[in-house]
Protein chains: 2
Amino acid sequence: MQKALSPRAEVLLKALIERYISDGQPVGSRTLSKQPGLDLSPATIRNVMADLEELGFIRSPHTSAGRVPTPLGYRLFVDSLLTVRPLDSAEIYRLGDELSFDGDPKHLMESASSLLSQVTNLAGIVLVPRQEESFRQIEFLSLPGGNRVLVILVTHSGRVHNRVINVAHGYSAAELVEAANCFNERYSGRPFGDVRRSLLADLQEDGDAMQRAVKNATDMARQIFADDESSGPDVVVSGEANLLKVPDLGDVGRLRRLFETFSTKRDLLHLLDQSVHAESIQVFIGGESGYEVLDECSAVMAPYQVDGRIVGTLGVIGPTRMAYDHVISIVDVTARLLGGVLSAEVR
Amino acid sequence: MQKALSPRAEVLLKALIERYISDGQPVGSRTLSKQPGLDLSPATIRNVMADLEELGFIRSPHTSAGRVPTPLGYRLFVDSLLTVRPLDSAEIYRLGDELSFDGDPKHLMESASSLLSQVTNLAGIVLVPRQEESFRQIEFLSLPGGNRVLVILVTHSGRVHNRVINVAHGYSAAELVEAANCFNERYSGRPFGDVRRSLLADLQEDGDAMQRAVKNATDMARQIFADDESSGPDVVVSGEANLLKVPDLGDVGRLRRLFETFSTKRDLLHLLDQSVHAESIQVFIGGESGYEVLDECSAVMAPYQVDGRIVGTLGVIGPTRMAYDHVISIVDVTARLLGGVLSAEVR
DNA sequence: GTCTGGCACTCTGAATGCCTGAGTGCTAAA
DNA sequence: TTTAGCACTCAGGCATTCAGAGTGCCAGAC
């Protein structure tokens with residue numbers, strides 16, 4: 001069944017999809033025959049289109065409409081037909097300009113996401129899987145009022161977490177510093193999972209066997225790490241409002257469910273988890289992902305790396321009918337830029 | 001013109017608006033005449049409705065439709081006709097249950113906002129005007145890598161800000177602690193504006209006149225405070241997706257602009273600033289606010305206080321046709337609850 | 001003076017039918 | 001293998017019709 005497409009059929013499919021992407025209307029044989037480059041009569045084109053339809057690459061919404069690409073058609077298109085349009089230097093410059101690091105990685109993610117959404121006019125999305133993180137440094141700060149302590153946790157990638165915890169009795173500043181020092185010496189550089197397991201193991205040992213400082217730190221850190229597990233990886237979505245302009249997603253009910261998916265983030269994470277392990281740019285088309293909310297939607301995602309190590313992934317979500325040639329370039333460049341900014345700052 | 005409405009007209013207007021809020025259809029005289037409680041013939045009701053229309057409280061979308069309330073009508077309704085429906089204890093319990101403080105005020109705001117949106121099925125909104133904040137404590141933490149310092153700033157209300165700054169040369173841990181101590185002694189308890197001005201003044205003095213530690217701290221803090229001013233107050237909006245289910249806001253173009261307003265937050269802030277100074281619950285109806293995006297929308301906002309001082313405001317945004325009686329109670333209770341949680345934790 | 005029943009009038013929205021334009025599939029000829 | 005021609009189908013625009021809902025106003029009842 002999956003016999004290789006004839007070169008002519010490929011050219012035709014490519015032309016059809018490009019036309020559909022730019023116009024949004026089903027494409028008929030007459031329209032295509034007028035396309036410069038392929039000199040064929042409408043009738044011939046109809047024959048080829050009939051083949052393409054039989055193979056599942058295109059379909060007609062109804063008898064007397066033109067053809068539109070199916071998800072399978074898009075798949076073939078982005079995988080082997082698409083000619084990616086590289087950005088001109090002005091655009092790259094503009095992208096780089098907008099991405100600045102102010103010390104807070106969360107802000108950086110937000111600006112990357114909103115940058116993506118502005119440039120593509122779609123929804124931007126940036127994901128940082130927290131599993132990969134490793135522990136760098138912890139500090140305890142006593143707060144006025146006696147038995148409350150502010151715990152500051154710095155991860156290897158430079159993220160900072162704060163948490164106020166309640167403790168049984170007050171600690172002196174010196175005690176807190178000592179506790180932090182011990183803890184840092186013991187765990188710095190180890191992945192979170194390690195630290196968490198270690199903390200649980202320490203719980204088993206009898207307290208007296210440990211130094212008092214370490215014990216204090218352990219008690220306090222346990223609250224933090226326990227919480228951290230549940231909070232999972234982080235996603236930033238922005239520019240959802242752009243999707244309201246897209247005529248393809250006209251159905252308000254569908255849009256609503258889509259927005260709900262964005263705001264719960266859980267399903268989104270699950271989907272994007274797949275792209276974290278990919279080496280290069282990935283395109284998810286239509287309901288391929290298994291989420292029926294995302295029928296009619298595509299996602300273009302690229303991993304970004306710090307010092308050669310993939311630390312997250314970023315991209316856009318939009319209608320299946322999007323300008324893949326342009327979007328892919330933008331996502332690609334943005335991923336490199338974000339990786340670059342992070343690499344420069346983290347070392 | 002604004003002669004007092006006859007009691008009967010008031011009763012009728014109230015019944016009409018209640019009916020319209022629950023049904024969403026223009027209300028005709030026949031429908032109202034069947035309403036238990038007011039025993040009037042349709043014809044009589046028509047006469048009264050004609051008066052109400054002349055006074056601008058209701059209007060008819062077209063000749064043979066019933067009447068719908070105008071913004072002015074809603075105004076009168078919420079101001080003097082509405083009987084607020086108090087929550088039953090189960091509902092209050094449920095609300096209180098969902099609001100828990102985990103040490104991060106940002107999380108608390110987010111959970112309050114999402115709580116509001118879930119319970120009302122509208123968009124929840126929580127605002128913390130940062131102007132009111134005062135400085136409590138600063139700490140400097142040296143990061144591995146030499147000349148980078150993590151600055152942690154704790155405000156009076158318990159908010160924590162992090163920022164990584166680059167410094168000219170490395171500092172020892174002891175130097176940093178000393179700097180922080182000096183700075184805290186000097187400024188703790190003073191409002192941000194004060195501190196900022198003071199920092200600028202110190203810049204004028206010649207460095208040698210100051211203790212070295214204070215000078216270090218001043219240099220670093222200046223970067224933080226300068227930034228902090230620009231970031232302005234904080235808004236959390238959630239549950240926007242709920243507005244997509246509202247049939248009244250069917251116009252996709254309008255919805256899009258509304259969502260853009262939410263995501264830029266600027267206009268929203270400007271609008272809500274007005275409610276910060278109000279003592280009690282406030283209802284903004286339709287385009288009253290001057291923002292034409294918010295035609296067809298109403299906001300119910302209540303300030304919340306910590307230890308008797310108003311620190312922010314919270315509420316919901318939804319269609320003008322919303323169940324005010326219920327929503328007002330929910331917003332009111334949530335504001336008290338949030339105030340309560342904050343008061344308990346901050347002291 | 002106030003309320004009510006009745007009646008003519010208006011307007012929306014759904015249903016129907018008609019028509020045109022676009023596009024197809026098939027067949028036969030080049 | 002390609003092309004031209006032809007019959008066929010269908011969506012969408014347009015006008016028409018029709019029922020239902022609601023109004024305004026008037027004249028009579030209380």
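Hydrogens, waters and symmetry mates play no part in the numbers below; they use all other heavy atoms, side chains included. Note that the structure is predicted; figures quoted are calculated from it, not measured.
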Lys34(A) has an atom NZ; how far is it from atom P of dA22(C), in whole Å? 9 Å
Between dT1(D) (C1') and Asp39(A) (CG): distance, integer Å: 16 Å
Any donor-acceptor pair under 3.5 Å joining the side chain of Arg30(B) to the base of dG22(D)? no
Nucleotide dT3(D), atom C1' - distance to CG of Leu40(A) in whole Å: 11 Å
Between dG24(D) (P) and Asn47(B) (CG): distance, integer Å: 9 Å
Assign the ring pair Tyr324(A) / Phe77(A) to parallel, tilted or perpendicular, where the plane angle (0 to 90°) is split at 30° and 60°. perpendicular
Pairwise distance CG(Asn242(B)) to CG(Leu116(B)) - rounded to 0.5 angstrom: 11.5 Å
Between C1' of dG5(C) and CD1 of Ile45(B), the distance in whole Å: 14 Å
Test side chain to side chain donor-acceptor pair (under 3.5 Å) on Arg59(B) and Thr70(B) and set out the steps. CA-CA 6 Å; Arg59(B) 64 188 182 81; Thr70(B) 60; over 6 Å; no
Could you tell me whether Ser29(A) contacts a base, only the sugar-phosphate backbone, or nothing, with contacts defined as non-hydrogen atoms closer than 4.0 Å? sugar-phosphate
Let me have a per-nucleotide readout for nucleotides 10-18 of chain D, 5' to 3', with B, S or -, counting only protein heavy atoms under 4.0 Å. BS-------
Between Glu279(A) and Pro303(A), which heavy-atom pair has the shortest distance, and what is it? O-CG, 3.5 Å
Is the distance from OP1 or OP2 of dC3(C) to the nearest side-chain N or O of Arg8(B) less than 4.0 Å? yes
When the nearest nucleotide of DNA chain C is assigned to Glu53(A) and to Ala43(B) on a heavy-atom basis, which residue is associated with the more 5' position? Ala43(B)
Nearest whole angstrom, please: distance from the C1' of dC8(D) to the CZ of Arg46(A). 12 Å
Does Thr44(B) or Pro26(A) map to a spot on DNA chain C nearer the 5' end, using the closest nucleotide for each? Thr44(B)
In whole angstrom, give the distance that lies between atom CG of Leu12(A) and atom P of dT1(D). 16 Å
Relative to each other, are the rings of Phe259(A) and Phe259(B) parallel, tilted or perpendicular (30° and 60° limits)? perpendicular
Using a 4.0 Å heavy-atom cut-off, does Ala65(B) contact any base of the nucleic acid, only the sugar-phosphate backbone, or nothing at all? sugar-phosphate
Could you report the tightest heavy-atom contact between Gly315(B) and Val331(B), atom names first, then the distance? CA-CG1, 3.9 Å
Which whole-number value in Å describes the distance from Met49(A) CE to dG23(C) C1'? 8 Å
Salt bridge between Glu296(B) and Arg321(B), side-chain N to carboxylate O under 4.0 Å? no
Can you find a side chain N or O atom of Arg67(A) that sits less than 4.0 Å from OP1 or OP2 on dG25(C)? yes
